[in-house]
Amino acid sequence: MTGTQLYAISQWHDTDEIYARLKALVSQPIRPIKRERMNEFLSYFETRCVRSKSLTDQAKQFIPGGVQHNLAFNYPFPLAVEKAEGAYLWDVDGNRYIDFLQAGGPTVLGSNYAPVRDKVFTLLQSCGPVTGLFHEYEFKLAQLINRFMPSIEMFRMLGSGTESVMAAIRATRVFTGKRKVIKAGGAYHGWSDPMVYGLHVPGTGRHESAGIPVGATRDTQEFYPNDLNHLRRLMMLNRLRGGTAAVILEPVGPESGTRPVTRDFNQKVRELCDEFGALLIFDEVVTGFRLGMGGAQGYFGVKPDLTIFGKCVTGGYPMAGGVGGRRDVMLRFAAGVSGTGERAYVGGTLSANPLSCVAGYHALLEMERTNAPVVAGRAGDRLTQGLKAIIERYKLPFVAYNQGSIVHLETSGVMLLDFKNPLKLMREVKPRRHMMEEMGAAYMASGLITLAGSRMYTSLADTDEVIDDALNRFEDVLKSVI
Ligand SMILES: Cc1ncc(COP(=O)(O)O)c(C=O)c1O
């Protein structure tokens with residue numbers, strides 16, 4: 001019965017077992033797809049995706065790399081999409097795919113969900129997408145979020161998750177008068193200057209910070225995922241260097257749980273923050289409403305001081321972002337207007353426009369009505385169990401696990417390399433990354449869209465039939481490895 005379950009996660013995984021399997025995967029040589037079979041998969045793109053190739057080749061003249069979105073940069077070349085509905089996507093050559101990218105996570109209701117689209121159309125006909133003035137839906141959305149997540153006493157809507165993280169960091173510094181912000185190594189919190197630090201691979205600090213002044217990341221620190229002692233040491237040392245303003249976490253673990261946390265990890269970090277007088281920020285850009293209407297904070301029963309929203313907060317419509325939380329901290333965003341103290345400046349011409357607000361409001365109501373997070377979580381469980389069975393049947397070293405509708409399938413292990421073993425990292429990152437690209441291409445040629453060949457988001461639209469069809473396709477690819 002989905003009616004009684006509130007969250008997408010039926011049971012928290014055995015985190016230690018997952019790490020043991022991932023460690024075993026990374027310690028072995030890679031098992032890519034057999035060359036002849038891979039050539040067959042690649043020939044699909046040459047013969048069946050002719051218009052996609054031509055369009056994205058032409059686009060390269062005007063768009064760096066040919067596509068605007070990081071997730072669209074697929075091997076051997078990006079697909080051009082024409083139609084999206086429910087669990088499926090169609091490319092411009094008329095090929096149909098089961099869509100486990102789901103736009104990177106926001107569409108828990110499935111793509112292009114008609115009841116929300118209708119509400120957006122109605123609003124567009126009356127006031128258009130933006131006026132710059134207050135619209136009732138701003139209030140309705142903020143009030144609704146508060147109903148689902150009581151820790152969100154106030155909500156400030158912004159244009160993206162990235163902006164919202166920037167805003168939250170600023171507010172925590174203003175509120176606490178402290179300087180340092182600590183993130184987990186490998187976690188993604190958008191691409192603002194201070195957060196492009198320890199990206200993808202723990203311990204890599206400024207490795208990807210090209211173009212970012214050293215000063216912008218001077219007060220950012222990273223700790224090794226799950227290493228509470230490391231976090232505590234940083235917070236202790238920070239007492240002598242400006243204090244810790246905030247710890248920011250993806251509550252299921254870096255990269256949407258690719259490096260999963262243990263069940264009690266968030267609570268332990270909450271306690272550390274209280275001990276050191278730091279604020280706790282949950283980045284719920286992915287988990288916010290995907291794990292359940294109460295978010296990861298509801299699932300884990302941990303109350304952050306501030307929460308970052310993105311993706312689901314507008315149900316997949318544009319300008320998805322916001323920060324919410326404790327009234328006393330949130331009032332720092334209004335201080336310049338209402339004169340209650342030093343202000344953390346935020347803005348944005350299109351922030352909280354009526355289109356984004358109406359879409360978010362109705363998408364969240366529909367998610368509640370249909371119990372979409374739980375239904376999507378069930379689909380994630382079915383997909384994961386099926387993948388595990390395939391892995392066992394063919395005696396593969398691969399690892400499948402999920403946090404509800406966030407499903408991970410690690411085949412190359414590239415995301416699990418880290419800086420504790422820099423030689424191995426340098427030697428293996430390229431071939432492992434290429435294997436992941438090839439897996440993504442093979443899935444795609446088999447009618448499956450994944451996120452970078454290693455992650456899948458399920459949705460309300462993923463019936464048992466869709467998942468079983470997908471599993472047959474996955475099996476066809478996975479049995480072709482050397
Ligand atoms: C956990 C997390 N935080 C922040 C962001 C950034 O959000 P946006 O892409 O809306 O800027 C993302 C985007 O994928 C994310 O996954």
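Keep in mind that this is a model prediction, so the values were computed, not measured. One-based numbering, in listed order, for ligands and for the atoms of each.
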Centroid-to-centroid, Phe265 to Phe300, below 6.0 Å?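 Here the rings of Phe300 and Phe265 have centres that are no less than 6.0 Å from each other.
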Less than 6.0 angstrom separating the ring centers of His207 and Tyr197, yes or no?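 For His207 and Tyr197, the ring centres are not under 6.0 Å apart.
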List, pair by pair, the atoms of ligand 1 and of the protein that are both N or O and lie under 3.5 Å apart, giving the separation rounded to 0.1 Å.
from: ligand 1; atom 1: 3 (N); to: Tyr188; atom 2: O; distance (Å): 3.3
from: ligand 1; atom 1: 3 (N); to: Asp283; atom 2: OD1; distance (Å): 3.2
from: ligand 1; atom 1: 3 (N); to: Asp283; atom 2: OD2; distance (Å): 2.6
from: ligand 1; atom 1: 10 (O); to: Gly161; atom 2: N; distance (Å): 2.8
from: ligand 1; atom 1: 11 (O); to: Gly161; atom 2: N; distance (Å): 3.4
from: ligand 1; atom 1: 11 (O); to: Thr162; atom 2: N; distance (Å): 2.8
from: ligand 1; atom 1: 11 (O); to: Thr162; atom 2: OG1; distance (Å): 2.6
from: ligand 1; atom 1: 14 (O); to: Lys311; atom 2: NZ; distance (Å): 3.0

When you measure from the side chain of Arg327 to the backbone of Met154, do you find a donor-acceptor pair of N or O atoms at a distance under 3.5 Å? no
Is there a donor-acceptor pair under 3.5 Å between the side chain of Thr15 and the backbone N or O of Val261? yes
Under 4.0 Å between a side-chain nitrogen and a carboxylate oxygen: does that hold for Arg290 and Glu284? no
Which pairs, with at least one residue in residues 247-264 and sequence neighbours excluded, count as a side chain to side chain donor-acceptor pair (under 3.5 Å)?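 For residues 247-264, and leaving out neighbouring residues, the side chain to side chain donor-acceptor pair (under 3.5 Å) pairs sorted by first residue read His200-Glu255, Glu255-Arg455, Ser256-Arg455, Ser256-Tyr457, Thr262-Asp264, Asp264-Lys268.
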